[in-house]
Number of protein chains: 2
Amino acid sequence: MNECCTVNMTVRYLTKKWTLLIILELFKGDNYSRRFSELKESLPGITAKILSERLQELEAENIISKKIDASVVPIRSDYTLTEGGVELIGVIRDIKYWALKWKIDNIPCGSQECKICRL
Amino acid sequence: MNECCTVNMTVRYLTKKWTLLIILELFKGDNYSRRFSELKESLPGITAKILSERLQELEAENIISKKIDASVVPIRSDYTLTEGGVELIGVIRDIKYWALKWKIDNIPCGSQECKICRL
DNA sequence: TAATACTATGAACGAGTGCTGCACGGTAAA
DNA sequence: TTTACCGTGCAGCACTCGTTCATAGTATTA
């Protein structure tokens, strides 16, 4: 439907609800890592289904990696930013800087609802 | 519906069909400038309506500026990348580099259909 | 014995958005 | 009268996104 292009596809993923926030949560975690339940807690309002979906997408995109510890019960799932994922933070920062520099009527960030601009 | 955030909003605009291509066309033009009809010609398949819409959006975002020469008939409309728009090219490049570096199964760019990767 | 914690997946539904197609508007030169 | 030029408005289709509810498996805890 849209143009075939890695740029476009990449950007497209980032627009999905929660995706940026999930990446940022992982970035803040020890070793850029978080558990499923931790993510869910730190993202009030997200449903397990959507979180699961986004994590799968990010894994498919090689932005995060997943490690399941099935020896423990209940199961632990750890999600970690890949090297590429960590570098993506830099790209997101660049976008943010551009936006802050050139957007006159930007949405007031730093508000409680927006965690992205705390980068 | 989505998170309020300039980053998110910015990225969101870039995902729309034709937007990236329009920006690139302007970037290639003399003085980063193009006329409506020139844009339409160089983007086969785009309709006047969509081109018009995208240009309006980009203008509202301060990425391009518009100049109408009503003294001539038929009317001439010139669209030019703003300073911010030109800087945005750098951001798009960064996204592209990231994508090329980290995406294993990226869509084959350089194909005829994709003009974005010629950046 | 039953409930709870944890990590999911699937189906159905509703809302929204993006894009297309078509019609229509104006003016001046050819 | 047609063409070049630059749009706008409306109708409608298709797709996507997100929510909600149902389900599932296991081991510890009450």
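The chains referred to below are lettered A, B, ... by the order of the sequence lines, with proteins before strands, and numbering in each begins at 1.
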Whole angstroms only, please: what is the [atom1]-[atom2] distance between [X] and [N]?
X       : N      : atom1 : atom2 : answer
B:Ile46 : C:dG18 : CD1   : C1'   : 13 Å
A:Lys67 : C:dT7  : NZ    : P     : 14 Å
A:Lys16 : D:dT19 : NZ    : C1'   : 15 Å
A:Leu51 : C:dT7  : CG    : P     : 9 Å
B:Lys17 : D:dC13 : NZ    : P     : 19 Å
A:Tyr13 : D:dC17 : OH    : C1'   : 14 Å
B:Lys40 : C:dT20 : NZ    : P     : 11 Å
A:Glu57 : D:dC17 : CD    : C1'   : 10 Å

*Is it the case that more than 12 heavy atoms not belonging to A:Glu59 sit under 6.0 Å from its CD atom?*
yes

*Could you grab the distance from atom CG of A:Leu88 to atom CG of A:Leu81, nearest 0.5 Å is fine?*
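Answer rounded to 0.5 Å: 8.5 Å.
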
*asked:* Just verifying a value: how many Å separate B:Arg54 CZ and B:Thr19 OG1, rounded to the nearest 0.5 Å?
replied: 5.0 Å

*asked:* Can you build the contact string for nucleotides 1-8 of chain D? Use B for base contact, S for sugar-phosphate-only contact, and - for no protein heavy atom under 4.0 Å.
replied: ---BSSSB

*Which hydrophobic side chains are connected to B:Ile75, either touching it within the sub-4.5 Å cutoff or through other members that do?*
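In the cluster with B:Ile75 are B:Ile68.
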
*In terms of ring plane angle, is the pair B:Tyr32 and B:Phe27 parallel, tilted or perpendicular, where the classes change at 30° and 60°?*
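The arrangement is parallel - the two ring planes meet at less than 30°.
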
*Considering only atom C1', compute the distance from D:dC6 to C:dA23 and round it to an integer number of Å.*
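16 Å, rounded to whole Å.
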
*Does A:Arg12 use its side chain to pair, donor to acceptor, with the backbone of B:Thr15 at less than 3.5 Å?*
yes

